[in-house]
2 protein chains.
Amino acid sequence: MQAGDVTKYEYFVTKGCLKVYTIDEDGVPHISMFAVEDYWTGDIASFMTKESTPYFIKATEDSELLGISWTNYELLFQEIPKFERFYRILYQRSLISYIRRSNQGISLTAEERYIEFKKKYPNIVNRVTQKDLAGYIGITPEFMSKIISKVNRM
Amino acid sequence: MQAGDVTKYEYFVTKGCLKVYTIDEDGVPHISMFAVEDYWTGDIASFMTKESTPYFIKATEDSELLGISWTNYELLFQEIPKFERFYRILYQRSLISYIRRSNQGISLTAEERYIEFKKKYPNIVNRVTQKDLAGYIGITPEFMSKIISKVNRM
DNA sequence: TAAAAATCTTAAACTAGTTCATTTTTTTTC
DNA sequence: GAAAAAAAATGAACTAGTTTAAGATTTTTA
C-alpha cells in the first residue's frame, strides 16, 4: 500500500509481519501499527470513505495476507447479517486498544511506553528493528538505543 | 463515575460537557476525552469486560445524559438485530478518530496537537479550562499557557 | 566472501517540555 | 460585593528527548 492510493482492501495476516506507517514532511517515518499473524490491517478510514490514505504498508518478513474488497465486505453484511455482530465486536475490541494507546501516548514517558510495549507484545518486540520500534514509540532511533540499553541494565 | 467502579452504563450526552480522565501515581490528571452534545461516553472496556475502570468522569457544565445498561444493550441486539449494524458503524467511526489521535500523540509536537485540536473541535476549545486542555494535550498547564500565548501572537 | 548498505552505539551540543515558585486574573462562595 | 479559591501568566533552573556526527556491528547483495 502506498500513501495517495485509495484503499481497496482490508487485510487479515495469516503469516509474517508488516508495518503501517506515514512519512512526515521531514521524511521521518511514524509507525502506526505492526501487524502479525491473526491481525487485521489496512486503512479503515480510507476503506470506508474512499479518500486517499496517508499510509504506507510494507512487509518486514515474507508474509501471507487475505484481502476483502469493499464490494464483498458490503455483500457479506447483506447476505449474512450475523457478520454485523462479528465486526461490531471486532471494532469494539480494536477501539479499546486504540483508546489505551492514545492515552499512553500522552501520559507516559518514552521509557514507560517501551516497557508497556514489551509487556503487551512480547511476540513482536524481537521481530522488528529498533529503528521501527522507535518509529512506533514516537522517538528517534538514537534515543531508542539509549532506552533499550538502560532498561536491559536494570 | 469513579476509578475502581465497574461501569454499568454507556452514556449519550444530550446537553452539557464532561471530562473523562485518569489520575496517575503523582496525582496528575490525564484527560482521555471531552464529551459534549451528541457524544457517547463512559468506559467501553470496563462496560464490556466488567473489570473496574481507571477513569473518573466529571461534568464541567450542567449536563443531561441518557444511559444504557449492559442488560438493555444486550437485549437491544437480541430484539432488534439491526442495531448491530448501527453500533458496528458507530465503533468503526470512533476507531478511525482514535487511530488518528494515537498517531498524533506520537508524531506531533504539543503546539501542533493544540492547533489540530482547535481546528477539529472549535466548539470545545472555548468551553474547557486551559488546565483541562493541557491534560488532554498531554502537557503541563504552564506549558499550555505558553503555547496559547505564542499561537495567539502568530 | 568481499564490498556495500543498513542498523546500532556513543557522545556532545541543543530544544521542547517540566518543575517550582511567585504574581496576576478570573471565578466561586458567603 | 468582599473574601477565598481556583485558574492563568511569567520566569529561572532543570530533564527528557533531538540533532548531528562519527565509529562499530550486522545484514544484504553481487
Side-chain angles (χ1 to χ4, degrees), chain A residues 16-17 19 21-31 34 56 58-63 103-118 124-154, chain B residues 16-19 21-31 34 56 58-63 102-118 124-154:
Chain A
C17 182
K19 56 182 177 182
Y21 59 102
T22 54
I23 294 185
D24 70 20
E25 320 85 62
D26 303 325
V28 179
H30 299 281
I31 295 189
F34 297 110
F56 297 85
K58 216 173 245 176
T60 62
E61 300 173 2
D62 286 346
S63 301
N103 289 163
Q104 289 185 348
I106 58 164
S107 65
L108 301 184
T109 62
E111 184 177 324
E112 291 166 330
R113 276 177 272 147
Y114 168 64
I115 291 169
E116 285 301 310
F117 184 86
K118 252 175 84 163
I124 297 183
V125 77
N126 293 315
R127 282 171 82 171
V128 300
T129 62
Q130 264 177 232
K131 202 186 161 202
D132 283 344
L133 195 50
Y136 181 90
I137 301 281
I139 57 177
T140 59
E142 291 86 349
F143 194 51
M144 186 81 256
S145 170
K146 269 186 207 167
I147 286 177
I148 289 177
S149 77
K150 184 183 168 199
V151 170
N152 288 344
R153 250 181 292 117
M154 301 197 316
Chain B
C17 182
L18 303 98
K19 56 181 176 183
Y21 59 101
T22 53
I23 295 185
D24 69 20
E25 320 83 62
D26 303 326
V28 179
H30 300 281
I31 295 190
F34 297 110
F56 297 85
K58 216 173 246 175
T60 63
E61 299 174 5
D62 287 344
S63 300
S102 73
N103 289 165
Q104 290 184 348
I106 58 163
S107 64
L108 301 184
T109 62
E111 184 177 325
E112 290 167 331
R113 275 176 273 148
Y114 168 64
I115 292 170
E116 284 301 309
F117 184 85
K118 252 176 83 164
I124 298 183
V125 76
N126 294 315
R127 282 171 83 172
V128 300
T129 62
Q130 263 177 233
K131 201 186 163 203
D132 282 345
L133 195 50
Y136 181 90
I137 301 280
I139 56 177
T140 58
E142 290 88 345
F143 194 52
M144 186 80 256
S145 170
K146 271 183 206 167
I147 286 178
I148 289 176
S149 77
K150 183 183 167 200
V151 171
N152 289 344
R153 249 180 294 116
M154 300 197 315

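Side-chain contact between A:Phe143 and A:Ile147 is present, with at least one heavy-atom pair separated by less than 4.5 Å. Contact of the B:Lys19 side chain with the B:Val128 side chain is not registered, since no non-hydrogen atoms from C-beta on lie closer than 4.5 Å.
Remark: P of C:dT28 and NZ of B:Lys131 are 14 Å apart, rounded to the nearest angstrom. A straight line from CD of B:Glu111 to C1' of D:dT18 spans 17 Å, rounded to a whole angstrom. The distance from atom CD1 of A:Ile148 to atom C1' of D:dT25 is 15 Å, rounded to the nearest whole Å. When rounded to the nearest whole Å, the span between CE of B:Met144 and C1' of D:dT10 equals 16 Å. D:dG17 atom P lies 16 Å from atom NE2 of A:His30, rounded to whole Å. We find that CG of A:Asp26 is positioned 15 Å from C1' of C:dT15, with the value rounded to whole Å. A:Ile106 places its CD1 atom 12 Å from the P atom of C:dT18, with the value rounded to the nearest Å. For the pair A:Lys146 NZ and D:dG17 P, the interatomic distance rounds to 11 Å; values are reported in whole Å.
Checking the phosphate oxygens (OP1, OP2) of C:dT26, no side-chain nitrogen or oxygen of B:Gln130 falls inside 4.0 Å.
Of the listed nucleotides (C:dA12, C:dT9, D:dT10), C:dT9 has the atom at the smallest distance from the side chain of A:Ser145. Taking the side chain of A:Arg113 as heavy atoms from C-beta on, and the options C:dC8, D:dT10, D:dG17, the nearest nucleotide is D:dG17. Between C:dT7, D:dA7, D:dT18, one nucleotide has an atom nearer to the side chain of A:Thr129 than all others, and that is C:dT7. Out of D:dA9, C:dT18, D:dG17, the shortest distance to the side chain of B:Ile139 is found at C:dT18. Here the side chain of B:Glu142 is nearest to one of C:dC8, C:dT19, C:dA12, namely C:dT19. Of the candidates C:dT9, D:dA7, D:dT10, D:dT10 carries the atom nearest the B:Ser149 side chain, counting heavy atoms from C-beta on. Closest to the side chain of A:Thr140, out of D:dA9, C:dT18, D:dT19, is D:dT19. The listed nucleotides are D:dG17, C:dT18, D:dA8; the one nearest the side chain of B:Phe143 is C:dT18.
Scanning both residues, A:Arg113 and A:Gly105, for their nearest heavy atoms gives CD-CA, 4.2 Å. The shortest non-hydrogen separation linking B:Lys131 to B:Pro141 is CG-CG, 3.8 Å.
Within 4.0 Å (heavy atoms only), B:Thr109 reaches sugar-phosphate atoms of the nucleic acid but no base atom.
More than 12 heavy atoms of other residues, nucleotides or ligands sit less than 6.0 Å from atom CG of B:Asn152.
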